[in-house]
Amino acid sequence: KKLKQVMKFCQSIVKELSSKKYSSFNYPFLVPVDPVEQNIPTYFDYIKEPMDLSTISKKLINWEYKTPEEVEYDINLIFKNCYIFNPEGTIVNMMGHRLQDIFNTKWAE
Ligand SMILES: Cc1ccc(Nc2c(-c3ccc(O)cc3)nc3c(C)cccn23)cc1
């Protein structure tokens, strides 16, 4: 069925965004943010819907998404959270924009 192919495409995009070739700027988005480890204790005061690429990959494997729009929502949540917590001009903010540019290009394909 078509849905299976679409979900495979989504998984390929998550794999691409997690690729080592982007390791200089994708690492803040690969796994759930650990506010203690990253010394950002207020993170969950601002971010009520944490999201990361490994969580999306797991949800895809467990068929937790019913439509590609739900996958797109979670991927965009990563960037939305990034820009909420990391103001314009910060390095992590710029890392988010770089990864989002790759996502927008691949998603539009
Ligand atoms: C230049 C720079 C400065 C700080 C960080 N912090 C950070 C973050 C992070 C993720 C999301 C977020 O909204 C804020 C921070 N995740 C990491 C990781 C996994 C390893 C090392 C540092 N990390 C990374 C790069």
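Counting starts at 1 for both ligands and their atoms, following the listed order.
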Student: Can you tell which of I13, L60, N76 makes a side chain to side chain contact (heavy atoms under 4.5 Å, CB included) with V71?
Tutor: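 That would be L60.
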
Student: Geometry only, no angles: is Y43 polar-contacting ligand 1 at N/O separations under 3.5 Å?
Tutor: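 No, there is no polar N/O contact under 3.5 Å.
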
Student: Checking a contact table here: which protein heavy atom is nearest atom 1 (C) of ligand 1, and how many Å away?
Tutor: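 Sorting protein heavy atoms by distance from atom 1 (C) of ligand 1 puts I91 CG2, 3.6 Å first.
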
Student: Please determine whether the number of non-hydrogen atoms from other residues, nucleotides or ligands lying under 6.0 Å from atom NZ of K20 exceeds 12.
Tutor: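 No - once you tally the heavy atoms of other residues, nucleotides and ligands closer than 6.0 Å, there are 12 at most.
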
Student: With atoms numbered from 1 as shown, which atoms in ligand 1 lie under 4.0 angstrom from a non-hydrogen atom of P28?
Tutor: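 Heavy-atom distances to P28 below 4.0 Å select 8 (C), 9 (C), 10 (C), 11 (C), 16 (N).
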
Student: Relative to the heavy atoms of V33, which atoms of ligand 1 are at a distance of less than 4.0 Å?
Tutor: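 The list of qualifying atoms is 10 (C), 11 (C).
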
Student: Please say yes or no: joined through hydrophobic side-chain contacts below 4.5 Å, possibly via intermediate residues, are L17 and V33 part of one cluster?
Tutor: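 No, it is not one cluster - the side chains of L17 and V33 are not joined through contacts under 4.5 Å.
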
Student: Return yes when atom CD1 of I91 has more than 12 non-hydrogen atoms of other residues, nucleotides or ligands closer than 6.0 Å, and no otherwise.
Tutor: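 For I91, atom CD1 is not crowded (no more than 12 foreign heavy atoms under 6.0 Å).
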
Student: Are side-chain heavy atoms of Y83 and H97 found at a separation under 4.5 Å?
Tutor: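 Result yes, sub-4.5 Å side-chain heavy-atom pair found.
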
Student: Does this structure show an ion pair linking K21 with E16, if we count only N-O contacts that are shorter than 4.0 Å?
Tutor: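 Judged by the 4.0 Å cut-off on N to carboxylate O distance, K21 and E16 do form a salt bridge.
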
Student: Tell me: protein heavy atom nearest atom 4 (C) of ligand 1, and distance?
Tutor: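 Result for atom 4 (C) of ligand 1: V92 CG2, 3.8 Å.
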
Student: How close does the nearest protein non-hydrogen atom get to atom 15 (C) of ligand 1, and which residue and atom is it?
Tutor: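 Looking at atom 15 (C) of ligand 1, the protein heavy atom closest to it is I40 CD1, 4.0 Å.
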
Student: Which residue and non-hydrogen atom of the protein lie closest to atom 23 (N) of ligand 1, and at what distance in Å?
Tutor: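 Nearest protein contact, heavy atoms only, for atom 23 (N) of ligand 1 is Q38 OE1, 3.1 Å.
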
Student: Is any N or O atom of Y27, backbone or side chain, closer than 3.5 Å to an N or O atom of ligand 1?
Tutor: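 It does not: no N or O of Y27 is found under 3.5 Å from an N or O of ligand 1.
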
Student: What is the nearest protein non-hydrogen atom to atom 13 (O) of ligand 1, stated with its residue, atom name and distance?
Tutor: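 Ranking protein heavy atoms by distance from atom 13 (O) of ligand 1, first comes N86 ND2, 2.8 Å.
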
Student: Report yes or no: do I47 and I56 belong to one cluster of Ile/Leu/Val/Met/Phe/Trp/Tyr joined by side chain heavy-atom distances under 4.5 Å?
Tutor: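 No, I47 and I56 fall in different hydrophobic clusters.
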
